[in-house]
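Just so you know, residue 1 is the first one in the sequence shown, and it goes up from there. As the structure lists them, so they are numbered: ligands from 1, and atoms in each ligand from 1.
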Amino acid sequence: MKLPPARFAAALIFALSVASTATVADEELARFEDLARKAASQIVGQVRGELVREMERTGPIRSVIVCKYSAPEIASAISRSTGMRVTRVSLRPRNRALGEADAWEQRVLLDFEKRLSSGEKIEALETVEVVREPAGTFHRYMKAIQVSQPCLACHGTGGEISDGVRAQLAAEYPNDVATGYRVGQLRGAVSVKKRVER
Ligand code: HEC
């Protein structure tokens, strides 16, 4: 079918504008992904650095308190400086108030578990998506957090957690479910969220 020239021009302009809107949205998402990935490695690196330093200085019992106060502080400092909401979430959170995954995060964490058990490297587990929610449209990103040796003193199995740490955890987190992990398992993920301005 042949379109008259005016209709053809209109169709062409429409097609081009759809294509360029898609490109702008893709570029925005790619830029978000890049910033989110940096923020994720920042929070993981800073929390880990602080933790290892404190473990060497005062031992694991005092470090429970450090973790309780400094991890959320690091998360809010990074959120403020980047303008994105940066948190750590888990399917088995120690701190329900801060670490509980929402519906989208739960779905991604379950997908990470599946990818991990089908042989993907834990370092490669990340995802980025545009998510429509009742409150608006958001760019969302998640990156897996793995369990390594230093984590076991507070997240490991029976004998790895000392009596002192166990008592401290019981006092601070009576409903703790964040123990019993082994090295290489998925402890949770960094979750980054930013509203898409339109
Ligand atoms: C000294 C004890 C201690 C060690 C060691 C430790 N953690 Fe934690 N972890 C905690 C405490 C306490 C919390 C709860 C913090 C809070 O109240 O927000 C926590 C919370 C978390 C959370 C947030 C989700 C949740 O469960 O509330 C993640 C993720 C996490 N830890 C990962 C790690 C990783 C990875 C390591 C090893 C690099 C590690 N932790 C080592 C004590 C520890």
I'd like the name of whichever of [options] reaches closest to [atom] through any heavy atom.
atom: atom 7 (N) of ligand 1; options: R187, H155, Q168; answer: H155
atom: atom 42 (C) of ligand 1; options: R94, R48, Q149, R92; answer: R94
atom: atom 23 (C) of ligand 1; options: M55, R88, E73; answer: R88
atom: atom 2 (C) of ligand 1; options: G188, P72, G99, C154; answer: C154
atom: atom 34 (C) of ligand 1; options: S148, C151, A101; answer: C151

Pull out every atom of ligand 1 sitting under 4.0 Å from any heavy atom of [X], numbered as shown with elements.
X: I145; result: 29 (C), 35 (C)
X: P60; result: 1 (C)
X: Q146; result: 35 (C)
X: L51; result: 4 (C), 5 (C), 6 (C), 39 (C), 41 (C)
X: S63; result: 1 (C)

* Identify whether NZ of Lys or CZ of Arg in R96 sits under 6.0 Å from the centre of the six-membered ring of Y173 and within 45° of that ring's axis. =>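 No, a cation-pi geometry is absent between R96 and Y173.
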* **Main-chain N/O of I43 paired with Q46 side-chain donor or acceptor, under 3.5 Å** =>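 No; zero donor-acceptor contacts below 3.5 Å.
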* Sub-3.5 Å donor-acceptor pair from the side chain of R94 to the main-chain atoms of C154, do we have one? ->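 Here the side-chain-to-backbone pair exists.
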* side chain to side chain contact (heavy atoms under 4.5 Å, CB included), paired with E28, selected from T23, V196, V130 ->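 Single pass found, and it is V196.
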* **Closest approach of any protein heavy atom to atom 18 (O) of ligand 1, naming residue and atom** => N95 ND2, 3.2 Å
* To do: Provide, to 0.1 Å, the distance between atom 17 (O) of ligand 1 and the closest protein heavy atom, together with that atom's residue and name.
  => Y173 OH, 2.6 Å
With a 4.0 Å cut-off, would you call [X] and [Y] a salt bridge?
X: R140; Y: D102; value: yes
X: K193; Y: E133; value: yes
X: K143; Y: E126; value: no
X: R85; Y: E105; value: yes

Looking at ligand 1, does [X] have a heavy atom less than 4.0 Å from it?
X: P93; result: yes
X: L98; result: yes
X: A71; result: no
X: P150; result: yes

* **Q185, R187, E123, K121 screened by side chain to side chain donor-acceptor pair (under 3.5 Å) with Q146, the one that passes** => E123
* Measure up the H139 and F32 rings against each other and bin them: parallel (under 30°), tilted (30 to 60°), perpendicular (over 60°). =>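 H139 vs F32 ring planes: tilted.
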